[in-house]
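Only a predicted model underlies this, so the values are computations on that prediction, with no experimental measurement involved.
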Amino acid sequence: AVLRFNSGTATAKIGLQLYSGEQERDAHIIVVEAVRLSGDALLYIRECKAVLRAAKGSSNGNIDGAQRSQLKSASASARNSLKRPRQCKSLKPLSIGKHRHEESILAIENADQLIKKDRIDAKINGWTDLCSLTTAQASDHTCAMYTSKVILGVDGGETSTDINMNVFQTLFDEQETCDTNVENHLSERIRGLAFCALNNALHTLQSHRSLKSIMQENTYIESELVSLLIDGVSSATKKPYEAYLSAACLETIMQASAKARQNAVQYGAQDVLIQGKYTGEHFFHSLAKASEHALVALQVS
């Protein structure tokens, strides 16, 4: 069966297959296979998890009425070709701890390998995976926390160091003009994904009250990174999406650190954020909202 999902302008198409064991001892086991056929990767991950939770009988899935109707239709069409028991017991969940930590490392390594590829589409897939791994909406909390620490350079290891260097090299290096408009667009997209991964990482760590202690051990976040983000907001007229993510990152950092707020004031963040809010009100509402929130965080005593 094929399921189609929509969320705003994003769409995703998922191929769904159901399998059951032929042996009597395996009759209670149902294997659900979901494959992304096309569309947005983040939407696919989110809705795929919802579909699998629904298959297990959980009510925590984010499936609306139309999508539930699609699931019922898909199940009805698959019932004729697959042997399904009337009562299904969900498979035992995998143990949390070491196994989940190993899964997180493997996922990060896969993303790192894609980012290092020469093919631009592979790079974009790697950056997209990294963004997914840093948010609990598309990943689990353990993986999101671990990946977020890796991005900020907290956890060691060769792969972790490479991820940290790739993210910040992409952010700190000035974007060079490419030969074609297509190359410029892809380069901007990768830079936007790097900002997105950083924003997700900061938000995830702050939501778990871990960011403050991390920043105390990594002072570059309160200084060099704050300066970079202010420069990002100042480019609002040319790069509104990048400015929006920069303002969102600034808000999170300043919420967690008084030192970051002091540095931001010295770097002229207030005037830049006011201009970003003004620009956003005319061109990009999300930028205006993020700049306003960052201004509130800046003014906290």
For the residue pair [X] and [Y], what are the closest heavy atoms and their distance?
X    : Y    : value
A288 : K277 : CB-O, 3.6 Å
C196 : L245 : N-CD1, 3.7 Å
L133 : I108 : CD1-N, 4.1 Å
N199 : A248 : OD1-CB, 3.5 Å
A247 : L273 : CB-CD2, 4.4 Å
C131 : T134 : O-OG1, 2.8 Å

- prompt: Is the closest side-chain donor-acceptor distance between S257 and E222 under 3.5 Å?
  reply: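 Yes, a side-chain donor-acceptor pair sits under 3.5 Å.
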
query: Quick one: do the E109 and Q113 side chains pair a donor with an acceptor below 3.5 Å?
result: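 Looking only at side-chain atoms, Q113 and E109 do not form any donor-acceptor pair under 3.5 Å.
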
Using side-chain heavy atoms (C-beta onward) and a distance below 4.5 Å, is [X] in contact with [Y]?
X    : Y    : answer
L152 : L202 : yes
I151 : L130 : yes
L229 : V233 : no
F283 : P240 : no
D162 : I115 : no
M145 : L205 : yes
L225 : L198 : yes
D231 : Y267 : no

First locate atom [atom1] of [X], then atom [atom2] of [Y], and finally report the distance between them rounded to the nearest 0.5 Å.
X    : Y    : atom1 : atom2 : answer
H293 : S291 : NE2   : OG    : 10.0 Å
Q206 : I214 : CD    : CD1   : 10.0 Å
I221 : L228 : CD1   : CG    : 12.5 Å
I14  : E47  : CD1   : CD    : 7.0 Å
K123 : L186 : NZ    : CG    : 11.5 Å
L287 : E281 : CG    : CD    : 9.5 Å

task: Please work out whether the ring planes of Y220 and F168 are parallel, tilted or perpendicular, with thresholds of 30° and 60°.
output: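 Ring orientation, 0 to 90° scale: perpendicular.
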
- prompt: Which residues pass the side chain to side chain contact (heavy atoms under 4.5 Å, CB included) test with Q262, sequence neighbours left out?
  reply: K259

Check against side chain to side chain contact (heavy atoms under 4.5 Å, CB included), L250 and V226: CA-CA 7 Å; L250 267 178; V226 167; 4.0 Å; yes

May I ask you to decide if [Y]'s main-chain N or O and [X]'s side chain share a donor-acceptor pair within less than 3.5 Å?
X    : Y    : value
S235 : G232 : yes
T279 : G276 : no
S227 : S223 : no

field: NZ/NE/NH1/NH2 to OD/OE distance under 4.0 Å, R191 and E242
entry: yes

- prompt: Are Y244 and V296 in one and the same hydrophobic cluster, where Ile, Leu, Val, Met, Phe, Trp and Tyr link if side-chain heavy atoms are under 4.5 Å apart?
  reply: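 No; tracing contacts between hydrophobic side chains, which count when under 4.5 Å, never links both residues.
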
query: Are L114 and M165 linked, directly or through other ILVMFWY residues, by side chains that come within less than 4.5 angstrom of each other?
result: no

message: So, using side chain to side chain donor-acceptor pair (under 3.5 Å) as the criterion, who are the partners of D121 when residues are at least two apart?
response: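 With neighbours one apart ignored, the set is R119.
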
query: For N200 and S148, what are the C-alpha separation, side-chain angles and deciding distance, and is it a side chain to side chain contact (heavy atoms under 4.5 Å, CB included)?
result: CA-CA 8 Å; N200 289 348; S148 299; over 6 Å; no

message: Under the rule for ring-ring contact (aromatic ring centres under 6.0 Å, His included), what residues qualify as partners of Y278, not counting sequence neighbours?
response: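 Listed in chain order: H282.
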
task: Give the intermediate values and the outcome of side chain to side chain contact (heavy atoms under 4.5 Å, CB included) for residues L3 and V51.
output: CA-CA 10 Å; L3 307 181; V51 169; 4.2 Å; yes

message: I'd like to know whether I163 forms a side chain to side chain contact (heavy atoms under 4.5 Å, CB included) with T147, so could you lay out the CA-CA distance, the side-chain angles of the two residues, the decisive distance to 0.1 Å, and finally the verdict.
response: CA-CA 9 Å; I163 287 288; T147 309; over 6 Å; no

